[in-house]
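Beneath this line is the structure, given in structure tokens, with notes to follow.
By convention in this document, chain letters (A, B, ...) are assigned in the order of the sequence lines, proteins followed by strands, and residues within each chain are numbered from 1.
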Number of protein chains: 2
Amino acid sequence: MSQMQTVEKALREMILGLEVGPGERLTERWIESRFGASRTPVRAALLRLETEGLICRDGRGWTVSPINLAELEQIAVYREAVEVAAVRLTSALAERNAVDVIEAMLDSCDTTTPREEWHRVGMDFHIELARLSGNEFLFRAVRDAMTRLSRARWLEVRDEAALGRAWSEHHAILAAVRAGDADAAAERLSAHIVGSRDRLVTSLHNDRRGLRARGFAVVAA
Amino acid sequence: MSQMQTVEKALREMILGLEVGPGERLTERWIESRFGASRTPVRAALLRLETEGLICRDGRGWTVSPINLAELEQIAVYREAVEVAAVRLTSALAERNAVDVIEAMLDSCDTTTPREEWHRVGMDFHIELARLSGNEFLFRAVRDAMTRLSRARWLEVRDEAALGRAWSEHHAILAAVRAGDADAAAERLSAHIVGSRDRLVTSLHNDRRGLRARGFAVVAA
DNA sequence: GATACCATTTTGGGATACCAAGTTGGTATC
DNA sequence: GATACCAACTTGGTATCCCAAAATGGTATC
């Protein structure tokens with residue numbers, strides 16, 4: 001793999017894994033030495049990550065994007081539009097057996113599954129469901145939105161009950177899709193997204209002192 | 001303005017203006033000499049334009065993205081999802097006087113207006129309408145989709161009647177928004193997008209021989 | 001002790017040099 | 001004349017160098 005892709009991938013994982021905190025300054029020189037690459041691939045990686053919204057310009061330099069509560073709310077509205085459109089398309093397909101794969105993914109999680117895995121599966125559920133629509137643009141929109149939400153969702157304080165609720169909501173959505181009931185699927189997905197958004201924003205809002213104490217920039221809604 | 005932004009802007013305009021045709025190969029060295037910049041800003045511009053979908057990798061090199069009829073259809077579905085969501089938000093706003101600005105933009109076009117201007121206004125109508133929603137993600141989605149559609153729409157064979165129909169459909173949408181009738185606005189916008197898509201794809205499909213004769217790569221749906 | 005000012009350092013933007021891989025064109029051989 | 005092979009060139013990827021501007025830190029002044 002080229003250095004360009006290596007740096008991009010490694011830096012993205014550092015950001016998503018909160019190894020570099022939201023709001024932290026990044027210098028091209030630091031990334032250079034950190035990954036043993038020169039500035040050209042570093043530049044390319046920074047430009048890509050900027051379009052993904054994971055980093056942003058800060059005057060002349062670069063900053064890991066802060067957690068922005070207002071942005072999280074806007075993303076939820078955007079997600080609702082694109083995910084509902086995608087799930088309606090999928091529900092109308094003649095061949096919908098691919099939902100089985102997603103169902104199996106959900107069922108691969110149980111009480112012994114590490115939290116990290118729950119987190120990944122929770123994201124992939126939405127991404128893979130959008131992929132089934134066959135519409136590349138809806139798929140990319142969902143994938144990019146989930147990438148932007150990833151850090152915030154990881155910081156969210158979630159108890160067992162919340163994880164279980166999300167799990168059963170996901171299953172209910174799949175059931176409606178399998179039955180070809182586009183309206184029910186849309187309705188359940190919509191409610192799921194809105195509910196997730198509310199819990200997410202509330203959780204981060206309540207925790208914002210603690211998050212800031214950990215050095216994470218959290219800007220208010 | 002930095003060279004980076006200069007090259008990016010100039011090259012984007014060359015592509016959108018079809019000065020470099022869809023499917024044409026691009027070399028970094030050519031762009032370098034064409035704009036008198038070095039490879040660093042050229043690289044940055046290429047990476048940005050790639051994320052916009054205007055150019056794509058072709059093995060080791062770069063190619064101006066071909067006109068892809070299947071992609072145009074998918075974009076229409078994507079647009080419908082995000083534009084309808086945006087117009088519903090806007091219709092629900094308490095303060096909707098900003099539609100006047102858009103209406104004035106439409107009315108600035110008459111029979112003496114050059115085709116180029118009609119084209120730009122037709123795009124900006126959708127972009128500015130989405131901006132009014134206040135949702136940054138819906139706005140960007142519409143803007144990016146219109147950028148991707150820009151070349152295809154420019155190549156579309158449109159008669160006076162088609163331009164007039166689009167103009168009155170735009171007005172009808174604004175009227176519904178001003179009245180706060182979200183359902184009517186959504187319905188009219190939806191029909192407008194679907195109709196536009198059909199006429200666009202049909203026109204390009206019928207013209208594909210002529211387009212290829214002009215050296216433009218057009219891939220089928 | 002606070003502040004205004006200046007020298008130094010750091011930083012990102014740009015230019016250039018170098019390299020490996022892939023392409024091309026020509027030549028020698030059959 | 002067709003084809004296999006090789007050398008020269010082209011191209012994108014990478015490393016490094018230079019520069020202007022901005023941040024930094026220390027010092028002198030009030």
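A 4.0 Å heavy-atom criterion places the boundary nucleotides of DNA chain C facing chain A at C:dT11 to C:dG14, written 5' to 3'.
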(request) Could you give me the CA-CA distance, side-chain angles and deciding distance for A:Arg79 and A:Arg197, then say whether side-chain contact (heavy atoms from CB on, under 4.5 Å) is met? (result) CA-CA 10 Å; A:Arg79 277 183 68 192; A:Arg197 177 204 62 190; over 6 Å; no
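Take the nearest nucleotide of DNA chain D for A:Arg60 and for A:Pro41: the residue whose nucleotide is more 5' is A:Pro41. With the nearest nucleotide of DNA chain D identified for both B:Trp62 and B:Thr40, B:Trp62 has the one nearer the 5' end.
Ring planes of A:His119 and A:Trp154: perpendicular class, angle over 60° (limits at 30 and 60°).
For the pair B:Arg57 and B:Trp62, the distance from NZ or CZ to the six-membered ring centre is under 6.0 Å and the angle to the ring normal is within 45 degrees.
In DNA chain C, consecutive stretches of 3 or more Watson-Crick or G-U wobble pairs with both distances under 3.5 Å are given as paired ranges: C:1-30 with D:1-30.
Between B:Arg140 and B:Glu136 a salt bridge is recorded (basic side-chain N to carboxylate O distance below 4.0 Å). In this structure, A:Arg153 does not pair ionically with A:Glu156, as no charged nitrogen and carboxylate oxygen lie closer than 4.0 Å.
Counting heavy atoms of neighbouring residues, nucleotides and ligands inside a 6.0 Å radius, atom CZ of B:Arg115 exceeds 12 of them. Around CD of B:Glu19, the count of heavy atoms belonging to other residues, nucleotides or ligands within 6.0 Å exceeds 12.
Identified under the side chain to side chain donor-acceptor pair (under 3.5 Å) test for residues 42-55 of chain B, with sequence neighbours left out: A:Arg48-B:Glu50, A:Glu50-B:Arg48, B:Glu8-B:Arg48, B:Arg12-B:Glu52, B:Glu28-B:Arg43.
With hydrogens and angles ignored, the 3.5 Å screen pairs no side-chain donor or acceptor of A:Glu32 with any backbone N or O of A:Thr27. Distance alone, capped at 3.5 Å, is enough to place a donor-acceptor pair between the B:Ser203 side chain and the B:Val157 backbone. The backbone N or O of A:Glu103 lies less than 3.5 Å from no partner atom in the side chain of A:Asp100, so there is not a single donor-acceptor pair.
Applying the ring-ring contact (aromatic ring centres under 6.0 Å, His included) test to B:Trp30 and every residue at least two apart in sequence or in another chain returns nothing.
A:Asp144 and A:Thr147 share no donor-acceptor pair across their side chains, judged by distance under 3.5 Å alone.
Contacts between residues 25-33 of chain B and DNA chain D, defined by a heavy-atom separation under 4.0 Å, are made by B:Leu26, B:Thr27, B:Glu28, B:Arg29. The stretch residues 45-58 of chain B touches DNA chain D through B:Arg57, each having a heavy atom within less than 4.0 Å of the strand.
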